Structures are given as C-alpha cells and as structure tokens.
Amino acid sequence: MSALLDLLIPARCAACGAPGAPCCPTCQTAWGSLSEITRAPTIGLVPVYALARYADEARRLILAYKERGRRDLAPSLGMAIGEALLQLPEPDCCLVPVPSRRHASRVRGGPHVQRMAEECAKYLAWHGKHATVAPVLRLKAGVRDAAGLSKTERVANLDGRIRIAVGAAPPRGTPVILLDDVITTGATAAACARLLDASGIHVSAVIALAAAG
C-alpha cells in the first residue's frame, strides 16, 4: 500500500518541496555532527549536544514532523541522529526519549521522539551497532505546552510532573542518552536527567536534533 501511494502521490521534501523523498538529500545536510551547547539548568549535570540550530531547513523539518503530520520524516531524522552517534568512540547505547503530553501524542500519531529513537536504533543496527530504546519517562496530567513559557515557567511546569514507567528500565551497563527534538532553555532535559539519576539511571548525554536560541 505504501509503495502504491508513493506512485500515486509522490513524496515531497518537507523542507523545500522537492519531489522524491520526505527529506531530500540537500535538506538532509541541515544535520551536522554533535555540537555541545550550554544551558544553565544542565550545567554540571549532563552534557548537551545538538545537530543543528533551530532555524531554516532544520526548523521546517522538525515542525513538519511534529505539527504537520509528516510522520514519514521519522526515518531521516533517526538516520541523522544515528550518523552522529556513529562518530562516537562507543556508539552502542540506550536511547531514552523525552516524553510528550498525552494530548500532543494523540495529535501527532504517537510519541514522536520515541518514534525517532526507534528509527535511530534501526539505523545503527544496519551499521552493526547496538542500540535499545527505553521509553521510561512519562508526563503526569497538568503539564502545559512549553511553547511560549519562560525559563522559570518551564521549570515550574515540570516540577513533580514527570514519572518513571514501571518495568521499562534501560539495560544495565549500557550508556544512556536522553533524546529530544529541540533544546530550548534546557529545563526539560535537566528535569528528566535528575529524575533518571535519582532512580539509579545515569544519563551520559542529552542529544537533540536542534538547539533554539
């Protein structure tokens, strides 16, 4: 069915509109190697990296994936993260996706960061590397959409509203990477990393597709 739909309605790049693929080869170059970024809430807690600035093609691709129903972008986004991880001395890891609000997940056809993590794990497997995905984090009721919130409001928004899912712990001894789509103030990454650490799960790094600001 997917192949038939591709013939009837060829895919177009979500960033530039070029026909042929959800993300064309040119726009795929928006994603670079891991670049460390600094955010006050994560200083001294966990290193944070991003593949691009949240602008231009990177921004258009992320918005299309998150807000405009382009779930077909998940493989190319997962590949971008996988390619970056392959540059690490030890790319084997466990990916823990940052959770989404339940309403947002329903609108987006499921947890979009988890879907991206799963595609990343597939890409690494194709290259002979091992990665698992552990969706251990959940948001409780009452969390607001973070868009438009200040740094202080983002911290308050998450306070006590993230929990650990039962029976979803990462494999012991595997480096844990917290995965997100966009890093803004760093409040979400810090809250997730602290909760995981308090639960005995040490986060080696936070990796996001893009960094805002």
Side-chain angles (χ1 to χ4, degrees), residues 2 14 22-23 31 46 48-51 54 58-82 84-85 93-125 131-147 149 154 157-171 174-196 199 201 203-212:
S2 177
C23 180
W31 313 116
V46 62
V48 180
Y49 302 89
L51 306 185
Y54 187 54
R59 182 176 183 274
R60 288 195 289 271
L61 289 168
I62 291 172
L63 284 177
Y65 178 57
K66 285 179 62 174
E67 311 297 349
R68 295 167 188 161
R70 290 299 302 268
R71 293 189 286 274
D72 55 349
L73 283 167
S76 63
L77 299 179
M79 180 179 71
I81 297 166
L85 291 178
C93 61
C94 176
L95 300 170
V96 173
V98 167
S100 300
R101 294 178 304 124
R102 291 181 182 178
H103 173 71
S105 289
R106 287 195 295 270
V107 171
R108 296 166 182 164
H112 71 288
V113 178
Q114 180 179 333
R115 186 188 304 118
M116 191 168 66
E118 290 166 351
E119 292 295 339
C120 175
K122 291 178 187 177
Y123 182 83
L124 290 174
T132 56
V133 179
V136 302
L137 297 172
R138 299 285 189 277
L139 292 180
K140 298 179 183 179
V143 176
R144 299 158 57 194
D145 187 345
L149 298 183
R154 285 172 182 260
N157 187 40
L158 295 171
D159 187 27
R161 293 191 175 98
I162 308 176
R163 65 179 179 86
I164 299 289
V166 177
T174 304
V176 172
I177 292 176
L178 185 65
L179 188 64
D180 204 354
D181 51 8
V182 181
I183 294 290
T184 49
T185 65
T188 300
C192 291
R194 285 197 182 95
L195 178 60
L196 289 167
S199 304
I201 303 170
V203 178
S204 299
V206 177
I207 294 179
L209 285 170

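Computed from a predicted model, the values in this text were never measured in an experiment. Here, residue 1 is the first one in the sequence, and each next residue gets the next number.
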Under the side-chain contact (heavy atoms from CB on, under 4.5 Å) rule, collect the residues that match up with [X], sequence neighbours excluded.
X      : result
Pro75  : Glu119
Ala190 : Pro41, Thr42, Leu45, Arg194
Ala84  : Leu34, Leu51

Original post:
Can you name the residues that form a salt bridge (charged side-chain N to carboxylate O under 4.0 Å, His left out) with Arg59, not counting sequence neighbours?
Top reply: none
**OP:** Can you sort out the partners of Glu118 under salt bridge (charged side-chain N to carboxylate O under 4.0 Å, His left out), two or more places apart, ordered by chain and number?
**Re:** none
Rounded distance (nearest 0.5 Å) linking atom [atom1] of [X] with atom [atom2] of [Y]:
X      : Y      : atom1 : atom2 : result
Asp181 : Leu77  : CG    : CG    : 9.5 Å
Cys93  : Leu124 : SG    : CG    : 6.0 Å
Leu61  : Arg70  : CG    : CZ    : 9.0 Å
Ile183 : Leu178 : CD1   : CG    : 7.5 Å
Leu85  : Ile177 : CG    : CD1   : 5.0 Å

Testing the basics here: between [X] and [Y], what is the closest heavy-atom pair and its distance to 0.1 Å?
X      : Y      : value
Tyr65  : His112 : OH-O, 2.6 Å
Ala212 : Thr184 : CB-CG2, 3.8 Å
Asp180 : Val182 : OD2-O, 3.6 Å
Leu95  : Cys120 : CD1-SG, 3.8 Å
Ala50  : Ala210 : CB-C, 3.9 Å
Trp31  : Leu209 : CZ3-O, 3.5 Å

Original post:
Taking only residues two or more places apart in sequence or in another chain, which ones pass ring pair (Phe, Tyr, Trp, His ring centres under 6.0 Å) with Tyr54?
Top reply: none
**OP:** Please name the residue in the list Ser199, Cys192, Pro111 that meets the side chain to side chain contact (heavy atoms under 4.5 Å, CB included) test with Leu137.
**Re:** Cys192
